[in-house]
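Before any comments, here is the structure.
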Amino acid sequence: MKIWNKAIDFSVDIYKASSNFPADERFGLTSQLRRAAISIPSNIAEGAGRNSNKEFCNFLGIAKGSSYEVQTQLVIANKLGLLQIDVLNELLRQIEELQKMNYAFQQMLSK
């Protein structure tokens with residue numbers, strides 16, 4: 001699935017972007033950001049393995065929630081000076097694309 005592949009690539013980009021965060025953030029923002037990013041493709045995959053479109057939509061909803069978590073954490077990382085604006089803008093562009101794809105996919109499954 002295209003959305004799952006994009007979510008995987010996004011998670012890798014989050015790992016790369018957060019690799020330079022300070023060591024004292026390892027159990028804070030770094031960990032939280034990475035877990036939320038990984039939650040997106042993980043929930044898409046789990047939903048795909050369920051028995052109904054309704055269940056799949058539920059997991060897409062969880063993935064969507066995680067995407068908004070990531071969005072918030074990226075803005076915080078930028079405000080703390082941990083993430084440069086050009087990196088922030090690119091990651092926000094990617095997450096917004098995933099959110100649009102997720103919404104369209106949920107709409108298709110609901111029909």
Under 3.5 Å: donor-acceptor pair, side chain of Ser39, backbone of Ser66: no

Backbone N/O of Asn51 and side chain of Glu55: donor-acceptor pair under 3.5 Å: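 Answer holds: yes.
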
For the hydrophobic clusters of this structure (ILVMFWY residues joined by side-chain heavy atoms under 4.5 Å, transitively), does one cluster hold both [X] and [Y]?
| X | Y | answer |
| --- | --- | --- |
| Tyr103 | Leu92 | no |
| Tyr15 | Leu33 | no |
| Ile95 | Met101 | yes |
| Ile8 | Phe56 | yes |
| Ile38 | Trp4 | no |

Side chain to side chain contact (heavy atoms under 4.5 Å, CB included) between Asp9 and Val12, worked out: CA-CA 5 Å; Asp9 292 341; Val12 170; 5.6 Å; no

Pairwise side-chain contact, [X] with [Y], heavy-atom cut-off 4.5 Å (strictly under):
| X | Y | value |
| --- | --- | --- |
| Glu96 | Gln71 | yes |
| Asn53 | Ser110 | no |
| Lys64 | Gln106 | yes |
| Ile14 | Leu74 | yes |

Matching residue for Val87 among Leu91, Asn89, Ile85 - test: side chain to side chain contact (heavy atoms under 4.5 Å, CB included):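 Only one of Leu91, Asn89, Ile85 forms a side chain to side chain contact (heavy atoms under 4.5 Å, CB included) with Val87, namely Leu91.
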
Heavy-atom closest contact ([X] atom, [Y] atom, distance):
| X | Y | result |
| --- | --- | --- |
| Ala37 | Pro41 | O-CD, 3.1 Å |
| Arg50 | Glu46 | NH2-OE2, 2.6 Å |
| Gln84 | Asn78 | C-ND2, 3.9 Å |
| Ile76 | Leu29 | CG2-CD2, 4.3 Å |
| Gly47 | Phe59 | CA-CB, 3.6 Å |
| Ile40 | Ala7 | CG2-CB, 3.8 Å |

Check against side chain to side chain contact (heavy atoms under 4.5 Å, CB included), Gln32 and Glu69: CA-CA 9 Å; Gln32 189 73 16; Glu69 262 188 88; 3.4 Å; yes

Side-chain donor-acceptor pair present, Ser67, Gln99, cut-off under 3.5 Å: yes

Pair Arg34, Thr30: side-chain N/O donor-acceptor within cut-off below 3.5 Å: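 No - no donor-acceptor pair under 3.5 Å links their side chains.
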
From [X] [atom1] over to [Y] [atom2], what is the distance, rounded to the nearest 0.5 angstrom?
| X | Y | atom1 | atom2 | value |
| --- | --- | --- | --- | --- |
| Cys57 | Met108 | SG | CE | 8.5 Å |
| Phe105 | Leu60 | CZ | CG | 6.0 Å |
| Lys16 | Ser11 | NZ | OG | 12.0 Å |
| Lys6 | Met1 | NZ | CE | 14.0 Å |

Arg93 bridged to Glu90 by N-O distance under 4.0 Å: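 Counted as a salt bridge, because a side-chain N and a carboxylate O are separated by less than 4.0 Å.
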
Leu83 and Phe21: CA distance, side-chain angles, deciding distance, side chain to side chain contact (heavy atoms under 4.5 Å, CB included) verdict: CA-CA 8 Å; Leu83 200 60; Phe21 285 10; 4.2 Å; yes

